[in-house]
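Please read the structure below before turning to the comments.
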Amino acid sequence: MTPVLSVRNLKVEFPTRRGVLTAIDDVSFDIAPGEVLGVVGESGAGKSITGTAVIGLIEPPGRIAGGEVLLRGQRIDNLPPEQMRKIRGKRIGMVFQDPLTSLNPLYRIGYQLVETIRTHSSLSESAARKKALSLLEEVGIPAPDTRIDAYPHQFSGGMRQRVVLALALAAEPELVIADEPTTALDVSVQAQIIALLKRLCAQHGAAVMLITHDMGVIAETADRVAVMYAGRIAEIGPVREVIKAPLHPYTKGLMGSIPSLAHDSDRLVQIPGSMPRLTAIPSGCPFHPRCPRAFVPCPTFRPELQPEQSSQVACWLYHPFPVTAAAL
Ligand code: SF4
């Protein structure tokens with residue numbers, strides 16, 4: 001089956017006065033129809049830039065410097081801005097961290113929904129309003145027939161994010177990209193929004209790329225997970241396997257830093273150091289300065305993603321390392 005989204009050897013660069021910085025380096029993954037792919041990593045890992053590149057919104061002078069993005073097999077990374085604008089909203093829905101990024105504070109939410117629906121369909125105004133009402137009902141807005149004429153500021157943060165979900169799904173997209181959709185919300189409503197996102201996308205048949213730093217959200221929602229580090233994928237695989245038996249030392253560190261009710265431990269595992277800056281990505285395996293298992297080839301030779309069990313992992317612990325390194 002053709003994947004909804006295929007990202008092939010994606011490279012994103014930002015030219016600066018000090019030289020060209022590579023933010024995304026050779027990232028590849030697929031998302032199957034109806035699948036939820038979680039993309040996880042610390043701040044600065046390149047998760048959001050990957051999502052932004054997929055929807056064609058990299059801010060110049062940043063640019064896609066290599067690779068391809070395909071939507072249902074059709075290349076979209078090289079489309080003119082006007083065509084890409086039509087794909088965003090119609091075939092790719094978006095949910096960002098701050099609902100006010102997607103909602104215009106000057107317009108009633110009903111107007112914004114109706115405009116979105118009519119931009120991407122041939123529905124009349126009254127039919128679009130009817131659809132907007134049913135979407136608001138579907139996302140759990142109480143009394144939608146009166147709330148439809150309210151302004152965004154008249155909603156709580158959680159309710160605003162529900163409206164954004166309605167907007168994202170208004171044109172029945174094939175793919176929804178949700179970038180930290182609950183980070184700005186109260187803890188009490190985060191789980192509701194995640195459950196709603198998952199249920200609605202399943203009902204509407206949309207695949208999801210869920211970008212988050214929160215492994216708990218991934219565990220609840222995703223079918224597969226891609227763990228990113230320093231602009232690359234360190235490990236990608238089925239979410240259960242990655243959580244139960246992580247392969248990459250960085251993924252093991254991420255999992256060890258999550259509190260567990262099942263196991264008694266005095267201290268959580270901490271990954272020493274921090275994510276490298278774009279100006280100082282280490283050579284070889286970019287995780288080597290922080291890795292407790294680093295050995296001979298790691299500082300020099302870059303490991304590529306290779307199949308291991310039901311996942312793929314970029315780590316020399318799992319692959320024969322270069323012969324030249326063995327001689328060092
Ligand atoms: Fe650690 Fe080496 Fe594996 Fe990188 S390649 S994660 S440094 S063991």
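Whatever order the structure lists ligands and atoms in, that order sets their numbers, starting from 1.
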May I ask you to decide if Pro152's main-chain N or O and Arg160's side chain share a donor-acceptor pair within less than 3.5 Å?
-> yes
Atom 3 (Fe) of ligand 1 - number of protein N/O/S atoms closer than 2.8 Å =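 If we list every protein N, O or S atom nearer than 2.8 Å to atom 3 (Fe) of ligand 1, we get 1.
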Presence of salt bridge, Glu304 and Arg232, under 4.0 angstrom | yes
State plainly whether the residues Arg147 and Asp149 are in salt-bridge range, i.e. N to O under 4.0 Å.
-> no
With a cut-off of 3.5 Å and sequence neighbours excluded, list every side-chain donor-acceptor pair involving residues 28-46.
| from | atom 1 | to | atom 2 | distance (Å) |
| --- | --- | --- | --- | --- |
| Ser28 | OG | Asn9 | N | 2.7 |
| Asp30 | OD1 | Ser6 | OG | 2.9 |
| Asp30 | OD1 | Arg8 | NH2 | 2.6 |
| Asp30 | OD2 | Arg8 | NH2 | 3.0 |
| Glu35 | OE1 | Ala32 | N | 3.0 |
| Glu35 | OE1 | Arg224 | NH2 | 3.2 |
| Glu35 | OE2 | Arg224 | NE | 2.7 |
| Glu42 | OE1 | Tyr250 | OH | 2.8 |
| Glu42 | OE1 | Arg290 | NH1 | 3.1 |

With the side chain counted from C-beta on, respond yes when Val227 and Ile233 share a heavy-atom pair under 4.5 Å apart, and no when they do not.
-> no
What do the steps show when you test Ser311 against Glu241 for side-chain hydrogen bond (donor to acceptor under 3.5 Å, both in side chains), and what is the final call?
-> CA-CA 8 Å; Ser311 301; Glu241 273 79 348; over 6 Å; no
